[in-house]
Participant: 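Before I ask anything, let me first share the structure, which is written out below as structure tokens.
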Amino acid sequence: MYKNKETMAARSIILLAVMIALTTVAGSYSADDLTATQQVKPVSTAPEEGNAAISIAADGKIQSISFKKDADIRDVLRFLGAKYNKNIVPSPKVEGPITVTNLYNVTFDQAMDAIMGDNYVWKQHGNIIEVFTREDKSRMTCKVFTLSYITAEEAKKIITPILSSVGQVGFSTPAMKGIPESITYSGGGDTIASSDTLVIYDYPERIEQAEKIMKEVDVRPKQVLIEATILSVLLNEGMEMGVDWNLFNGVGLTGAAATSDITTSTDISRGSVATSPIAQVVAGGVGTPIETSGFAKARSDGLRVGITTGDLSMFITALEQVTDTTILANPKILAVNKQLGQVYIGTKIGYINQTTQSQTSTTQEVQFLDTGTKLSFRPYIGDDGYIRMDIHPKDSSGDLKSNNIPDETSTELSTNVVVKDGETIVIGGLFRDVIISSRKQVPLLGDLPFIGSLFRSNSDTTKRQEVIVLLTPHIIHDAADTNPQGRLDDIRLKRQSTIDQLQWVDRARQAEDHYTKAVKLASENKREQALGEVNTALELRPTYLEALRLKEKITKEMNPQAASKISSIMKENMERKDNDKWLKR
């Protein structure tokens, strides 16, 4: 009995020691290091066992979080605030159950986003986290967008679908469209001169979406340089040959025209009536009345041979015409994506289209026929290096007929094509041959072999027309892609070629020659000789701008202190010569 008591006492001591040890070990861990599920009591009328449980790893990441079904959002926010030491302040309208019950391996921000769902939003200001309902108008704000390339009117169309039901958008007044053909002045007045502006008033998340869209759509548009070559070749060939002859004692059966009456103060002379070739025969003309006419055309060019012997006369004409016309047009134009580009080089032929008369005045309407080379196109640039285009090249010529009605000869086409950047394609070709062979003859006699040619005439006409339209587009990413320096060099070459055609005694030619010598001498550091050539060029052409600049440069290099004085003297001399009518000295 005694031993049993001692045994029970020992067991009690050991059990007490174990409990003390476990209590000491448990107290050495903080709440943040626990990985077991912890329970919190509800703040509201939740049941005593709590409505949330959370498991947090050592790095602060939520391993798991569980909420009781239909838990109130305000209780959940207090629970998260307490666990993470966050100051979460919900607005008065934030209330109701949450829709999420379990979350795994999420951060605090991800947990907040999941808890907010579609009905609430949260925003952090410093150490304060504010929670609102999505429809809380107190959090609405506005933002101004300055647009560089897209118009405000178009931006509004793009932004409107993503705005909330209470969101609003305003935009600046659109600029005037189009360019008048003639110089006009509409005043301008209060027309806005700044960039297009868009103002959005909505919830922050909606404005954030709008900002992302604006960054994608308000970008610099691409451009297309179109080079079109229009080749038109027209070949006309004609052959005419005919023979006229008569056998009437040397007298042609041409008839006689009527003459008018002649009245004087003392006498009246009656004129004669017209007589036909048949009337001549009836009247008793001498000889054999045989004649062919109308086969040999009386003209000022070609071969003409005439023979007269006794009662026989013969007239022969022969002409072959060859006309070869080649028209080459090479228009080039640069246009922005989806915008119309047009270039026209030609002549506008005016004509009276309509005349209106009233009791007091006469009004005539004048219209113009555009002739020459015209290119119209609208490009649509793709992201794969291809370009779709509506294109209409045209080359035409025209004139006015005697009745003031215009005639136009045109080569044109209109099409929609897809072309790869930098490649040349043929977008139209026309090959047309027209052969006309006409024959006039005396019946039966003209069909006789050998001698039949004396009783007929032949006229052969061949027309050949060839039209080819070539097209080469280039996508322009930068202005330098258009090779402006190369174009300027071409212009300089053409200008120099024109100057070289001038007579050597021409003042412009002499001034250009002296300036060229001055440039060469200046490049060789022969400044004094170069200055002499420049002065000679300026004596011939006092307003020669390039020579003035070269003189100023040479003078600065020779005497920097006198450069400003010379510049003012040169300017004063130019003003005195060019403005002597109003500038008095």
Side-chain angles (χ1 to χ4, degrees), residues 67 70-78 80-81 86-100 103 106-177 189-222 336-339 380 383:
F67 301 104
D70 297 331
D72 188 77
I73 188 173
R74 303 181 76 90
D75 295 338
V76 172
L77 293 176
R78 288 191 182 97
L80 289 178
K86 300 288 186 180
N87 301 312
I88 302 177
V89 182
S91 69
K93 293 183 180 181
V94 177
E95 58 184 7
I98 63 173
T99 58
V100 64
L103 296 173
V106 293
T107 63
F108 174 79
D109 292 349
Q110 293 172 342
M112 287 291 293
D113 292 337
I115 293 171
M116 296 299 102
D118 296 331
N119 298 324
Y120 310 100
V121 293
W122 66 283
K123 188 173 184 180
Q124 184 167 354
H125 298 283
N127 294 327
I128 303 297
I129 297 177
E130 296 178 321
V131 180
F132 306 90
T133 61
R134 287 193 178 274
E135 304 302 326
D136 190 346
K137 294 185 178 180
S138 64
R139 65 187 191 89
M140 292 182 69
T141 184
C142 68
K143 186 168 184 177
V144 179
F145 294 89
T146 301
L147 307 175
S148 300
Y149 300 103
I150 189 174
T151 64
E153 187 176 6
E154 289 295 327
K156 179 185 176 182
K157 296 178 183 178
I158 299 174
I159 292 301
T160 299
I162 69 168
L163 298 181
S164 66
S165 59
V166 294
Q168 299 179 13
V169 57
F171 60 95
S172 56
T173 304
M176 296 182 63
K177 298 179 180 179
D190 296 332
T191 303
I192 189 170
S194 60
S195 301
D196 278 18
T197 304
L198 197 72
V199 180
I200 302 178
Y201 179 70
D202 208 336
Y203 297 109
E205 62 271 14
R206 303 280 184 167
I207 294 179
E208 184 179 353
Q209 292 179 4
E211 186 174 8
K212 292 179 180 178
I213 294 176
M214 287 294 97
K215 289 181 179 180
E216 293 184 10
V217 299
D218 188 28
V219 295
R220 183 178 60 188
K222 296 179 181 179
V336 176
N337 184 34
K338 298 175 64 176
Q339 301 299 316
Y380 303 88
D383 294 333

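Because only heavy atoms are used, hydrogens play no part in the values below, and waters and symmetry mates are left out as well, while side chains stay in. For clarity, every value in this text was computed on a predicted model and none was experimentally measured.
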Participant: To the nearest 0.5 angstrom, please state how far the CG atom of D218 sits from the CG atom of L147.
Facilitator: 5.0 Å

Participant: Test side chain to side chain contact (heavy atoms under 4.5 Å, CB included) on M112 and L77; report intermediate values, then the result.
Facilitator: CA-CA 9 Å; M112 287 291 293; L77 293 176; 4.1 Å; yes

Participant: Does the S172 side chain pair with the main chain of T197, one donor and one acceptor, at a distance under 3.5 Å?
Facilitator: yes

Participant: How long is the span from the CD atom in E95 to the OG1 atom in T133, to the nearest 0.5 Å?
Facilitator: 10.0 Å

Participant: Any chance you could measure D202, atom CG, to K143, atom NZ, to the nearest 0.5 Å?
Facilitator: 13.5 Å

Participant: As a quick check of understanding, evaluate side chain to side chain contact (heavy atoms under 4.5 Å, CB included) for D136 and Y203, giving each step before the final call.
Facilitator: CA-CA 9 Å; D136 190 346; Y203 297 109; 5.6 Å; no

Participant: Between R134 and E205, is the closest basic N to carboxylate O distance under 4.0 Å?
Facilitator: yes

Participant: Tell me whether Y149 contacts the main-chain N or O of V217 through its side chain, where contact means a donor paired with an acceptor under 3.5 Å.
Facilitator: no

Participant: Might you point out which heavy atoms bring P174 and E153 nearest each other, and give the distance in Å?
Facilitator: CG-OE1, 3.7 Å

Participant: Sub-3.5 Å donor-acceptor pair from the side chain of Q124 to the main-chain atoms of G126, do we have one?
Facilitator: yes

Participant: Go through the steps for T107 and D109 under the test side-chain hydrogen bond (donor to acceptor under 3.5 Å, both in side chains), then give the verdict.
Facilitator: CA-CA 5 Å; T107 63; D109 292 349; 5.5 Å; no

Participant: Could you please spell out the steps behind the side chain to side chain contact (heavy atoms under 4.5 Å, CB included) verdict for I159 and M214?
Facilitator: CA-CA 8 Å; I159 292 301; M214 287 294 97; 3.5 Å; yes

Participant: Which pair of non-hydrogen atoms, one from A71 and one from V76, has the smallest distance, and what is that distance?
Facilitator: CB-CG2, 4.1 Å

Participant: Grab the two heavy atoms, one from S195 and one from T146, that are nearest each other, plus how far apart they are.
Facilitator: CB-CG2, 3.9 Å

Participant: What is the minimum heavy-atom distance between P204 and T141, and which atoms define it?
Facilitator: CG-CG2, 4.2 Å

Participant: Looking at side-chain heavy atoms only, is the closest gap between I158 and I150 below 4.5 Å?
Facilitator: yes

Participant: As an exercise, state the distance from CD1 of I213 to CD1 of I162, rounded to the nearest 0.5 Å.
Facilitator: 3.5 Å

Participant: State the OG-CD distance between S138 and E130, to the nearest 0.5 angstrom.
Facilitator: 8.5 Å

Participant: List the atom of V106, the atom of A111, and the distance in Å for their closest heavy-atom pair.
Facilitator: CG2-CB, 4.2 Å

Participant: So that I can tick it off, tell me whether K157 and E154 are bridged by a salt bridge, with the cut-off set at under 4.0 angstrom between side-chain N and carboxylate O.
Facilitator: yes

Participant: Using modelled atom types and a 3.5 Å cut-off, is there a donor and acceptor pairing between side-chain atoms of N337 and backbone atoms of K222?
Facilitator: no

Participant: Verify side chain to side chain contact (heavy atoms under 4.5 Å, CB included) between I207 and Y201, making sure each step is shown before the conclusion.
Facilitator: CA-CA 8 Å; I207 294 179; Y201 179 70; over 6 Å; no

Participant: In Å and rounded to the nearest 0.5 Å, what is the CE to OG1 distance from M116 to T99?
Facilitator: 10.0 Å

